[in-house]
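Presented below is the structure to which this report refers.
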Number of protein chains: 2
Amino acid sequence: MGIPKSFVRNAEIYGEGEPTEHLYRVVNGTVRTCKLLSDGRRQVASFHLPGEIFGVELRDERSFSAEAISDAVVLVFKRSAMIELAQRDGDAARDLWILTAHQLQQAQDHLLLLAKSAQERVAAFLLEMAMRMPDGNAIDLPMSRRDVADYLGLTIETVSRTLTQLENDAAIELPTSRRVVLRNRASLGCLSA
Amino acid sequence: MGIPKSFVRNAEIYGEGEPTEHLYRVVNGTVRTCKLLSDGRRQVASFHLPGEIFGVELRDERSFSAEAISDAVVLVFKRSAMIELAQRDGDAARDLWILTAHQLQQAQDHLLLLAKSAQERVAAFLLEMAMRMPDGNAIDLPMSRRDVADYLGLTIETVSRTLTQLENDAAIELPTSRRVVLRNRASLGCLSA
DNA sequence: CGTGCAGTTGAGCAAATTCAACGCTTGTGG
DNA sequence: CCACAAGCGTTGAATTTGCTCAACTGCACG
């Protein structure tokens with residue numbers, strides 16, 4: 001169960017306002033969910049790495065869009081089938097609830113992140129990504145500076161400046177612009193206070 | 001079912017880190033959930049008006065605390081009983097899921113709010129409160145400027161200045177500091193763009 | 001080679017914060 | 001009953017932070 005589907009980089013998986021017909025599991029690549037603001041800016045709500053589920057929503061209309069950050073493969077599930085299953089099967093209902101509650105927690109963490117200074121946001125972001133990535137200390141960011149900036153509510157310039165500053169402070173290394181090596185986790189944790 | 005309990009203004013209903021044993025329904029008064037940040041600042045995650053449910057959480061440990069903003073009465077429910085009920089009864093499970101998904105939506109809206117300018121945040125906040133209050137155009141804010149500021153991620157000074165500016169622009173009236181009358185909803189909506 | 005895109009860096013600017021003072025209301029004690 | 005302190009809200013001036021605009025680099029791709 002779950003039909004595989006492929007998307008090229010920057011392809012839209014679903015758009016804001018479309019009917020909520022499916023949910024998805026990332027097999028390969030990375031997905032972002034985001035929303036265009038009226039002033040043309042964009043807010044990225046979440047990133048989804050392989051293994052993670054996205055697209056669960058209460059309303060029948062998408063309030064965010066989902067796009068492939070890199071070429072990606074996802075499994076597609078029928079939303080109505082899930083809801084029916086949850087109605088009959090207590091365990092399935094529990095899974096669905098846990099999933100939603102988990103996303104709620106992530107949203108709340110994201111909320112706290114947006115309350116902080118630029119340095120704290122970037123440091124917290126790096127720690128979050130490191131937590132979710134296989135190798136604990138080296139991160140290969142799948143997303144562009146623009147994606148990072150829109151997730152953190154900053155400009156790409158501020159993200160870039162902050163990263164170089166963290167490198168100067170010997171907290172991280174930047175072998176390439178997409179690769180980050182955490183040199184001093186403790187000081188990052190401190191900066192993301 | 002549901003045991004009534006009273007709290008005086010500023011009393012703690014539950015604290016960060018405590019075991020998640022109950023959920024609550026507001027009968028009377030207003031409740032805030034919030035978190036203390038390491039730098040001493042505080043982030044208010046949500047306000048809960050009469051009729052609304054709060055305290056639903058995935059983890060066994062509270063990640064936020066809940067406090068009475070005004071003298072308040074709440075109904076207390078056993079969390080374990082709710083989870084058991086949801087396991088057996090598909091409808092109850094659905095209600096629990098809808099509740100959680102609803103809070104997720106609110107968190108996402110809050111997230112978007114924090115991406116905006118001070119004026120947009122205050123305008124959006126007023127519209128949100130007006131939506132949730134009985135009388136559509138006159139709002140009696142139950143919370144202090146500090147609460148509003150910590151909810152919007154601003155300082156009390158900025159909130160205060162922004163309100164007086166909205167009053168000067170004829171978008172609102174401020175008969176008293178806690179009472180706001182929406183004079184021009186359209187322009188508020190525009191400002192909260 | 002040139003073109004275009006992603007990322008970095010710099011200078012000036014705008015927005016919100018910090019710090020400080022002040023007014024108003026409320027509650028307390030002389 | 002008045003004096004005074006405390007809490008809340010507002011206002012002003014100076015400062016800081018992050019943004020805007022612009023130039024520049026490195027790299028991939030035709």
Side-chain angles (χ1 to χ4, degrees), chain A residues 8-10 32 37 39-44 69-71 113-126 139-169 172-180 191 193, chain B residues 8-10 32 37 39-43 69-71 113-126 139-169 172-180 191-193:
Chain A
V8 299
R9 206 164 84 90
N10 287 325
R32 67 172 171 252
L37 306 179
D39 59 0
R41 276 161 46 247
R42 194 186 60 158
Q43 179 65 42
V44 171
I69 282 182
S70 49
D71 291 351
L113 195 148
L114 293 181
K116 305 182 189 186
S117 73
Q119 200 178 47
E120 290 170 333
R121 291 187 214 189
V122 172
F125 171 71
L126 292 177
I139 317 170
D140 274 301
L141 295 176
M143 72 288 281
S144 70
R145 290 286 186 274
R146 168 127 307 284
D147 288 325
V148 175
D150 290 347
Y151 179 72
L152 299 179
L154 300 170
T155 59
I156 51 176
E157 292 95 330
T158 300
V159 172
S160 182
R161 276 186 251 273
T162 306
L163 283 172
T164 53
Q165 194 196 323
L166 288 177
E167 191 177 28
N168 291 339
D169 297 351
I172 62 170
E173 275 178 74
L174 288 166
T176 74
S177 67
R178 292 291 185 102
R179 188 174 179 78
V180 185
L191 291 173
Chain B
V8 299
R9 205 166 85 91
N10 286 326
R32 66 172 171 253
L37 307 179
D39 59 0
R41 276 166 41 251
R42 193 185 61 157
Q43 178 64 43
I69 281 182
S70 50
D71 291 350
L113 195 148
L114 293 181
K116 305 182 190 184
S117 73
Q119 199 178 48
E120 289 169 334
R121 292 187 215 190
V122 172
F125 170 73
L126 292 177
I139 316 171
D140 274 301
L141 294 176
M143 71 289 281
S144 69
R145 290 287 187 272
R146 168 128 307 286
D147 288 324
V148 176
D150 290 347
Y151 180 72
L152 299 180
L154 299 169
T155 59
I156 51 176
E157 292 95 331
T158 300
V159 172
S160 182
R161 275 185 250 274
T162 306
L163 283 172
T164 51
Q165 193 197 322
L166 288 176
E167 191 177 27
N168 291 339
D169 297 353
I172 62 171
E173 273 178 76
L174 287 167
T176 74
S177 67
R178 294 291 185 102
R179 188 173 179 78
V180 184
L191 291 174
S192 77

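By convention in this document, chain letters (A, B, ...) are assigned in the order of the sequence lines, proteins followed by strands, and residues within each chain are numbered from 1. Only heavy atoms go into these numbers, but all of them, side chains included; no hydrogens, no water, no symmetry mates. Remember, it's a predicted structure, so these values are computed and weren't measured experimentally.
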Looking at [N], does its base get a donor-acceptor pair with the side chain of [X] below 3.5 Å?
X	N	answer
B:Arg161	D:dG12	yes
B:Arg41	C:dT17	no
A:Arg121	D:dT17	no
B:Arg145	D:dG7	no

Length of the line joining [X]:[atom1] and [N]:[atom2], which is rounded to integer Å:
X	N	atom1	atom2	result
A:Lys116	C:dT17	NZ	P	17 Å
A:Asp39	C:dA14	CG	C1'	16 Å
A:Glu120	D:dT17	CD	C1'	12 Å
A:Ile69	C:dA6	CD1	P	13 Å
A:Leu152	D:dT17	CG	P	18 Å
A:Arg179	C:dG7	CZ	C1'	18 Å
A:Gln165	C:dT8	CD	P	14 Å
A:Leu114	D:dT17	CG	C1'	16 Å

- Query: How would you label the contact of B:Leu154 with the nucleic acid (heavy atoms, under 4.0 Å): base, sugar-phosphate, or nothing?
  - Reply: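 The residue B:Leu154 makes sugar-phosphate contact but no base contact.
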
- Any Lys/Arg nitrogen of A:Arg32 or A:Asp147 sitting under 4.0 Å from an Asp/Glu carboxylate oxygen of the other?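 Yes.
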
- Query: Would you call A:Asp71 and A:Arg9 a salt bridge, using N to O less than 4.0 angstrom?
  - Reply: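 Answer for the salt bridge query: no.
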
Test your reading of the model: is there a side-chain donor-acceptor pair from [X] to the backbone of [Y], 3.5 Å cut-off?
X	Y	value
B:Thr158	B:Leu154	no
A:Arg145	A:Ile156	no
A:Arg121	A:Tyr151	no

Side chain of [X] (C-beta onward), nearest among [options]:
X	options	answer
B:Ser160	D:dG18, C:dA16, D:dT10	D:dT10
A:Ser177	C:dA16, C:dG7, D:dG9	C:dG7
A:Glu157	C:dT9, C:dG7, D:dG9	C:dT9

Residue-phosphate contact under 4.0 Å: [X] side-chain N/O, [N] OP1/OP2:
X	N	answer
A:Ser144	C:dA6	no
B:Thr155	C:dT17	yes
B:Arg178	D:dC8	no
B:Thr164	D:dT11	yes

